[in-house]
Amino acid sequence: MLIGANPETIRAAADLLRAGALVAMPTETVYGLAADALNPDAVAKIFAAKGRPADHPLIVHLPDAEHLPRWASSIPREALALARAFWPGPLTLILKRDPGVPDAVTGGQDTVGIRVPNHPVALALLRAFDSGVAAPSANRFGRISPTTAAHVVEELGDAVAMVLDGGPCAVGIESTILDLSRSTPEILRPGAITAEDIAQVIGRMPRQPTAQPASNPAVPRVSGSLAAHYAPRTPLRLVARNDLVAQALAACDQGLRVAVLAHHCADPDDARIVWQAALSDFVGFAHDLYAQLRKLDSLGLDLILVEAPLDDEAWRAISDRLGRAAVGSGIEPA
Ligand code: TXA
Ligand code: MG
């Protein structure tokens, strides 16, 4: 049931969480599919609704950093500094888990992922619930993350007791994941908070993931690290800016129905091509990306060409998501 978020519906959502039901909630990154993180039966419903493999760990969302000691057995100074700097916000910290955190949440690993989301509805829900909720992105496994409440309904339908509508997500791509459970901090998933942002707070650069997903590890620590992820059903290919028009026209000449998502190129004004203009700044591009991919995917065309992001540090998170979307859609990156 899709319902507008207000104090009354947020209280009802907290009651549903206490009763072991699933609630979809807005966050600043993407919509999350929330369940009581201390209730393994409720957490099992997340995996069933998403069709997600059971050994993929979930992020625990807290109302504030004061709740950390209940979930993490050791809280390094760097974690506290980062929490002070970026929470509430799009940064997930991987810490050594408290033994009380259910295996269903951690995928049986000795660590737990934690963040405090920066969205008034999520924060109100977490405060009303006064504990941690496990919440992956509210999409079917491997598919495009939802950035509106309507996307959640498209993805999960009746599998969710309540979808709280808090408007479109401000950031639009998933949180940065930083592993602080080992001696060297390591970014497991790039996001809007960059390695440089983190280094400014902790005084050292975290290790970074390699730019392109190389392989599908059997049991990934981060399912977003699978080579195929965030994918539309329509084959998607990344194309360098200067080749975009030529490739689109060539595909049309082969009889393919083609859409293009581009931020620099001029629309060739050819009626055979569905041309979707994207914003050219990172913040705007990220904000719109998943809604635009979802819209182009819904047209049922043969091919989506996306202008390849520049090889630039600020665009790392976008390159990461688009690379996986290309692989997930069945086309290997060129
Ligand atoms: O922005 C976000 O992080 C969104 C919103 C809803 O908060 N959530 C999200 O969750 O993207 P999900 O489950 O779609 O992606 C979380 C990633 C998964 O790839 C998971 O493997 C990884 O976080 N993760 C969770 N706990 C982990 C752990 N203990 N160690 C390593 N990776 C972990
Ligand atoms: Mg996800």
Side-chain angles (χ1 to χ4, degrees), residues 22-35 37 43 46-47 49-62 71-73 86-98 101-119 121-123 125-126 132-147 151-152 155-156 164 166 169-182 186-193 209 213 217 219-231 286 290 317 320-321 324-325 328:
L22 299 183
V23 171
M25 66 173 183
T27 83
E28 81 280 34
T29 57
V30 300
Y31 273 71
L33 180 59
V43 171
I46 292 178
F47 289 91
K50 278 184 65 94
R52 181 177 182 154
D55 53 6
H56 288 219
L58 301 173
I59 295 172
V60 175
H61 296 66
L62 299 178
W71 303 87
S73 61
F86 296 119
W87 284 355
L91 177 66
T92 296
L93 300 178
I94 306 294
L95 303 172
K96 291 276 184 221
R97 75 191 263 193
D98 182 272
V101 184
D103 281 344
V105 171
T106 65
Q109 304 186 51
D110 63 352
T111 56
V112 58
I114 302 176
R115 87 179 188 99
V116 178
N118 187 18
H119 191 291
V121 173
L123 286 171
L125 176 60
L126 290 165
V133 305
S137 51
N139 50 280
R140 303 273 312 160
F141 180 65
R143 294 294 165 190
I144 303 170
S145 297
T147 53
H151 295 165
V152 178
E155 286 286 318
L156 300 173
L164 274 178
C169 300
V171 175
I173 56 169
E174 304 79 358
S175 61
T176 304
I177 301 181
L178 180 70
D179 187 352
L180 286 178
S181 69
R182 291 142 206 263
E186 180 177 359
I187 291 182
L188 302 182
R189 180 176 70 185
I193 293 177
V219 180
R221 296 173 57 233
V222 185
S223 53
S225 72
L226 289 169
H229 215 70
Y230 313 110
Y290 289 154
D320 170 79
R321 303 306 191 278
R324 294 175 213 286

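First listed ligand is number 1; within each ligand, the first listed atom is number 1. In what follows, residues are counted from 1 in the order of the sequence shown.
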Can you find a heavy atom in the side chain of [X] that is under 4.5 Å from one in the side chain of [Y]?
X: Ser175; Y: Ile59; answer: yes
X: Ile144; Y: Asn139; answer: no
X: Leu62; Y: Ile114; answer: yes
X: Leu93; Y: Trp87; answer: yes

Is Asn139 close enough to the Mg ion (ligand 2) to have an N, O or S atom under 2.8 Å?
no
Residue pairs passing the salt bridge (charged side-chain N to carboxylate O under 4.0 Å, His left out) test with at least one member in residues 103-114, sequence neighbours excluded, are Lys96-Asp110, Arg97-Asp103
With a cut-off of 4.0 Å, which atoms of ligand 1 are near a heavy atom of [X]?
X: Ser175; result: 1 (O), 2 (C), 3 (O)
X: Val112; result: 29 (N)
X: Ile177; result: 17 (C), 22 (C), 23 (O)
X: Ala135; result: 6 (C), 8 (N), 10 (O)

Can you tell me if Arg115 has a non-hydrogen atom under 4.0 Å from ligand 1?
yes
Please work out, at 4.0 Å between heavy atoms, whether the side chain, the backbone, both, or neither of [X] comes within that distance of ligand 1.
X: Thr106; value: neither
X: Thr111; value: both
X: His56; value: neither
X: Arg97; value: neither

Determine whether the side chains of Arg115 and Thr29 contain a donor N or O and an acceptor N or O closer than 3.5 Å.
yes
Do Ser137 and Glu174 have side-chain N/O donor and acceptor atoms under 3.5 Å apart?
no
Is the distance between the ring centroids of His56 and Phe141 less than 6.0 Å?
yes
Out of [options], who is nearest to [atom] when you count heavy atoms only?
atom: atom 25 (C) of ligand 1; options: Ser181, Pro90, Pro57, Gly113; result: Pro57
atom: atom 10 (O) of ligand 1; options: Pro136, Ala24, Gly107, Ala192; result: Pro136
atom: atom 18 (C) of ligand 1; options: Glu28, Arg52, Arg189; result: Arg52

Taking distance alone, with N or O pairs closer than 3.5 Å, would you say His61 contacts ligand 1?
yes
May I ask you to check if ligand 1 and Ser137 share an N or O to N or O distance below 3.5 Å?
yes
Results of side-chain contact (heavy atoms from CB on, under 4.5 Å) for Ala49 - residues two or more places apart only:
Leu22, Leu33, Ala159
Here's one to test your reading of the geometry: is the NZ or CZ of Arg321 within 45 degrees of the ring axis of Tyr230 and under 6.0 Å from its centre?
yes
